[in-house]
Amino acid sequence: MKFAVTSKGDTKSNQLKEFIIDSLTNLKMIHNEAEPDLVISVGGDGTFLEAFHTYNHRLEETAFIGVHTGHLGFYADWVPEEVENLIAEITKNTFRVVEYPLLDIKIYPKNGPEIERFLALNECSVKTPEGSVVLDLNIKGEHFERFRGDGLCISTPSGSTAYNKALGGGIIHPSLESIQITEMASINNRVFRTIGSPLILPKHHVCELKPIYDDRSFLLTIDHITKNYTNVKAIECRVAEEKIRFARFRSFPFWKRVHDSFVSDKR
Ligand code: NAP
Ligand code: MN
């Protein structure tokens, strides 16, 4: 089996990364950063997001695992003390794979046919540095509302505990292939109206965001990445065909991670 290890870059994560590489190499595993079967991310959820974006061109061949060197994460759910155990499990060469849904984002420019496509593990958000975001939201090809406000966030189930949660969205179990749309400070009065509630769309229900003003630029975030756009005709979001594969060596159910992260780490 070929493996790669990524690190947050701090001393603790770097040391743990070296330890993992040395241990697995000694056990005849092949260290291969370019084409790994297994990617081990050491750091936090942010580090895991970076690892996902580094290897998202070969999701079918790669399984991911996250070790945290700070607090418990949603993707980084192994503690450093468990790493020797983890190494022993990896060398047995058999693990269960659990798949989580991803978000497919397509950006259609105003001029020209060049469509850009991204995959997000957590979410995509649309904001603007200039005044309010004003856009038409279409769902499954039908006009749903004209949104005015700070922006919209479209998240995956596993991203529902991140930005989405801070925006008042619900926490969605990753076995539900869906995306969630949450509002950021929508303007609501007698003139302007939006639904106000988070919306959860199933697979194949495409949502389309169509900016109203030609001249406004957008800040588009895709997980930890921020991009600046002008001349956007439409942004299309849906549940992706691709999925992320996690290597599972022991069970740590989603609701337990939610409990331990947000309610209490005491049993
Ligand atoms: P960051 O500013 O360090 O991330 C914010 C926090 O979100 C960190 O504590 C991070 O964990 C945590 N996080 C990331 N993914 C999560 C998930 N799926 N469930 C629960 N918590 C999660 O930036 P970053 O580390 O590069 O992460 C980028 C993410 O930050 C974005 O995808 C977005 O979801 C989130 N974000 C949140 C807010 C907000 O809550 N108001 C605002 C902007 C962005 P670690 O410390 O382990 O990295
Ligand atoms: Mn972070």
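Remember, it's 1-based here, ligands and their atoms both numbered in the order they're listed.
Side-chain contact check for Val83 versus Phe19: some heavy-atom pair is nearer than 4.5 Å. Looking at heavy atoms from C-beta onward, Leu119 lies in side-chain contact with Leu59 at the 4.5 angstrom threshold. With a 4.5 Å cut-off on side-chain heavy atoms, Phe118 and Ile107 count as touching.
Residue Phe48 places every heavy atom at 4.0 Å or more from ligand 1. Contact analysis puts His71 in contact with ligand 1, with a non-hydrogen atom separation below 4.0 angstrom. Residue contacts with ligand 1: Ser158 is included, with a non-hydrogen atom under 4.0 Å away.
The protein heavy atom nearest to atom 38 (C) of ligand 1 is Tyr163 CD1, 3.5 Å. Protein heavy atom closest to atom 16 (C) of ligand 1, with residue, atom name and distance, is Ala162 CB, 3.5 Å.
A donor-acceptor contact closer than 3.5 angstrom is absent between the side chains of Thr11 and Asn14.
Distances between N or O atoms of Glu123 and those of ligand 1 include at least one value under 3.5 Å. Between Thr47 and ligand 1, no N or O atom pair is found at a separation short of 3.5 Å. The shortest N or O to N or O distance between Phe262 and ligand 1 is not below 3.5 Å.
Residue-ligand proximity, Phe74 to ligand 1, at heavy-atom distances under 4.0 Å covers atoms 19 (N), 20 (C). Atoms of ligand 1 lying under 4.0 Å from any heavy atom of Leu49, numbered from 1 in the order shown and given with element: 27 (O), 28 (C), 32 (O). Listed by number with element, the atoms of ligand 1 under 4.0 Å from a non-hydrogen atom of Tyr75 are 18 (N).
Ring-centre distance between Phe246 and Phe252: not below the 6.0 Å cut-off.
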